Number of protein chains: 2
Amino acid sequence: MKQIRPTESELEILGILWEKGPSTVREVHDILSQTKDAGYTTTLKLMQIMHEKELLQRDTSSKTHVYTAAISQQTTQQQLLNKMIDTVFGGSASQLVMQALGQHKSSEEELDKIRQYLSEMEKQQKKNR
Amino acid sequence: MKQIRPTESELEILGILWEKGPSTVREVHDILSQTKDAGYTTTLKLMQIMHEKELLQRDTSSKTHVYTAAISQQTTQQQLLNKMIDTVFGGSASQLVMQALGQHKSSEEELDKIRQYLSEMEKQQKKNR
DNA sequence: TGGCATTTACGAAAACTATCGTACATTTGA
DNA sequence: TCAAATGTACGATAGTTTTCGTAAATGCCA
C-alpha cells in the first residue's frame, strides 16, 4: 500500500475537509485561523501543494476553487495508528487503547459503544472456531 | 505542561531506547538500520541533537557514550494520542479505540485486558454517583 | 609502541516545510 | 464603468530536519 505522510499542517487541513466536506480556501482558512495564526496566502499555498501531492482534489470550474480530501479519513487513521502503535507503543494495540481510554475521559455513551464492539468481536471469534 | 514535539526520526530513536533501555549510538543504529537506510554518523548526529534538545540524557564517563530517553514513554504517548484524537479522529477517543481494535488484530489475551479495564472503569463510575 | 578500528565532534549541504509579499485575474456593487 | 474586494499563482525566504564527509580523539592489540 502507498504510504502517505501528511505533515502536521496538512493533517489540520485534511481534518477540516473531512468534517466539512468540499470547501474553499477561505472556508478552510477561517476555521484554521481560529486556532492558528497564519495568513490567507499561507493556507492557500499549503492547499495548492497538497493538491500537487494529490492529497487534495479540486474543482476549478468557478473562480473560487473548491477542494476535497483525496485520501480517506479511515485509511489515514489506520496508517497513522499503525505507525504510532509500532514506534510509540511497542507494538501493543491494547496498550494504546487503554491509554486512550484512560485520559481523554470518554462519555458513558462512548464506553457503551466500545463494549458493544468488543462483544461483537467475541461473537465473531466463537463463530470462527 | 511543556509540549514536546519529537520528529518522526526522533520518535524512532526514542522507541528503541524505551524498549532497550540505555544504549550506545552503535546499538541504536544497528536496530534502526534494519528498517531504515542511513549512515552511522546520521544516527549519531540525530542523537546528539536530541541531547541538546534534552530529549535524551547521556553518560560520557567512558569513551563510548550511553544514551537514555529523557522523556517518559507514557507522557509522550498521551500527548501524541491527544493530538491525534483531535486532528484525525474528530475529537472522538472511542472512534480511535475501535479503529485500533479493528485492524491491528489483538490477541484474545489483549482483548481480555481491555474488558477488565472497562469493567474496572464502570465500577469506579458507579462509586462516584 | 604504533597502527587499525571505533567513536565523537563539527560543519555544511540537501531536502522539506511553513510563511508571506506581490502581481495578476476576476467579480461585484456603488 | 471602474474601483474595491476577493481570489489564484508564484517566487523567495526562513526555519527545520535529515544526511553525510572529514577530522580529531580514544581504545585495543599484535
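Bear in mind that the values here come from a model prediction, so they are computed numbers and not experimental data.
Crowding of Lys20(A) atom NZ: a count of heavy atoms from other residues, nucleotides or ligands under 6.0 Å not exceeding 12.
The hydrophobic cluster containing Leu17(A) also contains Leu11(A), counting ILVMFWY residues as joined when their side-chain heavy atoms lie under 4.5 angstrom apart, directly or transitively.
Nearest-nucleotide assignment on DNA chain C puts the 5′-proximal partner with Asp37(A), out of Asp37(A) and Ser62(A).
When side chains are defined from C-beta on, Met98(A) does not count as touching Gln116(B), because their heavy atoms never get closer than 4.5 Å.
Residues Val88(A) and Trp18(B) approach most closely at CG1-CZ3, 4.1 Å, considering heavy atoms.
No hydrogens or angles considered: nothing links the side chains of Gln34(B) and Asp30(B) as a donor-acceptor pair under 3.5 Å.
As judged by a 4.0 angstrom heavy-atom cut-off over every strand, Ser9(B) is placed among residues touching the sugar-phosphate backbone only.
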Review item, side-chain donor-acceptor pairs of residues 37-49 of chain B, under 3.5 Å, at least two apart:
{"residue": "Thr43(B)", "atom": "OG1", "partner": "His29(B)", "partner atom": "ND1", "Å": "2.8"}

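For the pairing with Leu55(A), the side-chain contact (heavy atoms from CB on, under 4.5 Å) check across Lys53(A), Glu52(A), His51(A) returns one residue only, Lys53(A).
From the 5' end on, the contacts that DNA chain C makes with chain A at under 4.0 Å to a non-hydrogen atom open and close at dT17(C) to dT27(C).
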So Ile85(B) and Ser92(B), side chain to side chain contact (heavy atoms under 4.5 Å, CB included) or not? Walk me through it. CA-CA 6 Å; Ile85(B) 289 170; Ser92(B) 162; 5.8 Å; no
Atom pairs under 3.5 Å, N or O on each side, protein against nucleotides 7-12 of chain D: can you list them with distances?
{"residue": "dG7(D)", "atom": "OP2", "partner": "Arg26(A)", "partner atom": "NE", "Å": "2.8"}
{"residue": "dG7(D)", "atom": "OP2", "partner": "Arg26(A)", "partner atom": "NH2", "Å": "2.6"}
{"residue": "dG7(D)", "atom": "O4'", "partner": "Lys63(A)", "partner atom": "NZ", "Å": "3.2"}
{"residue": "dT8(D)", "atom": "OP1", "partner": "His65(A)", "partner atom": "N", "Å": "3.0"}
{"residue": "dT8(D)", "atom": "OP2", "partner": "Tyr40(A)", "partner atom": "OH", "Å": "2.8"}
{"residue": "dA9(D)", "atom": "OP2", "partner": "Gln48(A)", "partner atom": "NE2", "Å": "2.9"}
{"residue": "dA9(D)", "atom": "OP2", "partner": "Arg58(A)", "partner atom": "NH1", "Å": "3.1"}
{"residue": "dG11(D)", "atom": "N7", "partner": "Lys45(A)", "partner atom": "NZ", "Å": "3.3"}
{"residue": "dG11(D)", "atom": "O6", "partner": "Lys45(A)", "partner atom": "NZ", "Å": "3.4"}

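Between Glu27(A) atom CD and dT6(D) atom P there is a gap of 15 Å when expressed in whole angstrom units. Put simply, CD1 on Ile49(B) is 9 Å from P on dT18(D), counting in whole angstrom units.
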